[in-house]
Protein chains: 2
Amino acid sequence: MNTAAKRPLTLRDVSDACGVSEMTVSRVLRNRGDVSEATRSKVLAAAKELGYVPNQIAGSLASQRVNLVAVIIPSLSNMVFPEVLNGINQVLEDTPLQPVVGVTDYLPEKEERVLYEMLSWRPSGVIIAGLEHSDATRAMLSNAGIPVVEIMDTDGKPVDAMVGISHRRAGREMAAAILKEGYEHIGFMGTKMPLDHRARKRFEGFTEGLAKAGIEIEDRAFYSGGSALAKGREMTQEMLERSPDLDFLYYSNDMIGAGGLLYLLDQGVDIPGQIGLAGFNGVELLQGLPRQLATMDACRIEIGQAAAKIILNQTMDTPDPDLPNQVTLTPTLSFGDTLRRRRR
Amino acid sequence: MNTAAKRPLTLRDVSDACGVSEMTVSRVLRNRGDVSEATRSKVLAAAKELGYVPNQIAGSLASQRVNLVAVIIPSLSNMVFPEVLNGINQVLEDTPLQPVVGVTDYLPEKEERVLYEMLSWRPSGVIIAGLEHSDATRAMLSNAGIPVVEIMDTDGKPVDAMVGISHRRAGREMAAAILKEGYEHIGFMGTKMPLDHRARKRFEGFTEGLAKAGIEIEDRAFYSGGSALAKGREMTQEMLERSPDLDFLYYSNDMIGAGGLLYLLDQGVDIPGQIGLAGFNGVELLQGLPRQLATMDACRIEIGQAAAKIILNQTMDTPDPDLPNQVTLTPTLSFGDTLRRRRR
DNA sequence: TTGAAAGCGCTAACAC
DNA sequence: GTGTTAGCGCTTTCAA
């Protein structure tokens, strides 16, 4: 094993070390073409002995093939996105493709920068969260000449492929479920994030759903920053002081919902009798609360898997033309212990 | 804007479009050397018009410079690691360096694979979690000829630079604090992860700390998989049924600690009078629980920042030789509401 | 089964 | 200020 490599080793070094042409060394290292078992093992031994690590930069330039998949997401703190990544990883695990993650912080300009940066590495595909992008971003995506999958959301028109759920519908269905249980005085709490289009669409769907029954949200509040659990507590307290007649609270995510739940249990409020609660996402994290919060699963893993499969399919020599490239998954509503009202 | 690029554009295309040599176009696009304002704007206009995206693969090969920093961590689900990433991002944000993340799932073989994969892109530096690696991994790290920062842990000898906390000491200090409050019958709960060396070291430090006072852990339990909150609940219940005399429970992470806390509050146990509790990590996530869990901050953001600064410094033309490359941060103990025993 | 030549798209180094 | 030349370290292609 080489102990002090200042200059990284090249194929040339391996070639010299074992007396086999660079070309053949290259073939051995990539398992390409027929190489006699004798030379093969000679080369492998030399490469290992030297501690040779191939230079993918040179390799990719020569072969015009890059085994990277750009994955662009708004955040890593949200738990939702790491789970999507897990789905992607699962599918790409035993393939030559490798995901490379970029984070946008929900900022369109940063999304643009990150995408540009990643495209300059000429990846084999792009998986990007959301359907709303700047014109420049959309242009880059459609001109890149590689498969593009927009994920998480299906309320809109994709550049190429699309995998996700309808957040608008999710909001509507939650509204319907709440009304069906007999709740009528509804408050909403969410993040103050004009650029979180999925949260916005859920909210819109929700108000639509209520409107069909002639009902309006009676109070609402938005937060930004800080611990979601703590915010859920605070906001719930404030809202109920302001609007004591509310009998249902819909939270835009499970974490603030959990904060609200803990607060109300502290206060000895009867849940779901006096007040019902629901969140969104179905984060496994929260199993283990004193009561299970009603929520709607966002199909994160499945989304990641389906997106990765679409990219993978396109990189194959003979892509399956039947693999759908518009996938709408259906989130399931779990009632938990906070939505089924005991009849009065 | 080009609308149907099958073949990606090259510098050549831009050069042709604006009648300026490739070399000058390259200079403009990289803000290198003196270029007259006239040609400059001509080139920029042409590049934008065509939608040209530079090919970093070719660029890096030619310049022998790659602005990537390999970041290798065990997991993305642990929240701890995304926070470290945030610290790294903050520092690298306005530099040419770009982090690229690889995940090992706590598996040494996978760590080896991921590192090999990343090194083959010839990054400018490596930030890798932990000090325990396979021989092959260590060899690759020391032969790579680039700065390497091992993070999170400082109980051991690094290949090159190191930034973290002493988990052994963290364990010892927690033991001391607990004893000082007068607790004597102590149980431990943690993850069943022989490869999580930091958790192991904390545990070792903890038992050492107790041993100095002639005290031994009276019960212990380990879990794997599932929702940590739920596991904390279950395990706490089981442990107290098995060992009803315990007066303190030390959890290897805040999430299971929170589960235990919620369970005990449900049961109406007096905390911290009858039973005291502590976790580890200081996850902001949990602010908002009915009681604040005692914990120890793992300095995640700071670790990320310091590590990135070390890499950044090394990539500069004239690195500051005084920047320390062994940084041991000191975690702070927060007592919360679950460790200060009311005197009996 | 193996090797030699050419070139991937860009930039360092040097001319002009 | 701008252009020319010669590679970077591989793989493709074709010849042996």
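Note that the structure is a prediction, hence the values are computed from the model and not measured. Each chain gets a letter, A, B and so on, in the order its sequence line appears, and its residues count up from 1.
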Heteroatom pairs (N/O) under 3.5 angstrom, protein to nucleotides 6-8 of chain C:
from	atom 1	to	atom 2	distance (Å)
C:dC8	O3'	A:Q64	NE2	3.1
C:dC8	O2	A:L61	O	3.4
C:dC8	O2	A:A62	N	3.2

Contact class for B:R40 (heavy atom, under 4.0 Å): base, sugar-phosphate, or nothing? nothing

Could you state the atom-to-atom distance from CD1 of B:I57 to P of C:dG9 in whole Å? 11 Å

For A:S60, answer base if it contacts any base atom (sugar-phosphate contacts may also be present), sugar-phosphate if it contacts only those atoms, and nothing otherwise; contact means non-hydrogen atoms under 4.0 Å. nothing

The criterion is side-chain hydrogen bond (donor to acceptor under 3.5 Å, both in side chains); which residues satisfy it with A:Q326, sequence neighbours excluded? none

Counting any heavy atom closer than 4.0 Å, what does A:D34 reach on the DNA or RNA strands: base, sugar-phosphate only, or nothing? base

When you measure from the side chain of A:V35, which nucleotide among D:dG1, D:dC10, C:dT2 comes out closest? C:dT2

Under 4.0 Å between a side-chain N/O of B:Y52 and OP1 or OP2 of C:dC10, yes or no? yes

For A:R138 versus A:V159, what's the shortest heavy-atom pair and its separation? CG-CG2, 3.5 Å

Taken in chain and number order and not counting sequence neighbours, the residues that satisfy side-chain hydrogen bond (donor to acceptor under 3.5 Å, both in side chains) with B:S63 are none

Has A:R65 got a side-chain N or O lying under 4.0 Å from the OP1 or OP2 atom of D:dT12? yes

Is the distance from OP1 or OP2 of D:dG1 to the nearest side-chain N or O of B:T39 less than 4.0 Å? no

Pairing residues for A:A306 by the side chain to side chain contact (heavy atoms under 4.5 Å, CB included) criterion, not counting sequence neighbours: A:V163

I'd like to check the side-chain hydrogen bond (donor to acceptor under 3.5 Å, both in side chains) partners of B:N67; sequence neighbours left out, ordered by chain and number. none

Over the length of the helix from C:dT1-D:dA16 to C:dC16-D:dG1, how much do the five-pair end axes diverge, rounded to 10 degrees? 30°

Does any N or O in the side chain of A:S60 come within less than 3.5 Å of the main-chain N or O of A:I57, such that one atom is a donor and the other an acceptor? no

Listed partners of A:M193 passing side chain to side chain contact (heavy atoms under 4.5 Å, CB included), at least two apart: A:Y106, A:T191, A:D196

Residues which pass side-chain hydrogen bond (donor to acceptor under 3.5 Å, both in side chains) with A:S124, listed by chain and number, not counting sequence neighbours: none

Mind checking side chain to side chain contact (heavy atoms under 4.5 Å, CB included) for B:D105 and listing every partner two or more places apart, or none if nothing turns up? B:V103, B:L107, B:K110

C:dT11 P sits how many Å from B:N55 CG, rounded? 9 Å

Tell me, which pairs form a salt bridge (charged side-chain N to carboxylate O under 4.0 Å, His left out) where one or both residues lie in residues 57-83 of chain A, sequence neighbours left out? A:E83-A:R300

Using a cut-off of strictly less than 4.0 Å between a heavy atom of the residue and any atom of DNA chain D, enumerate the qualifying residues of residues 15-33 of chain B by number. B:V20, B:S21, B:M23, B:T24, B:R27

For A:T328, side chain to side chain contact (heavy atoms under 4.5 Å, CB included) partners two or more places apart: A:T154

Both B:E37 and B:R122 contact DNA chain D. Which one's nearest nucleotide lies toward the 5' end? B:E37

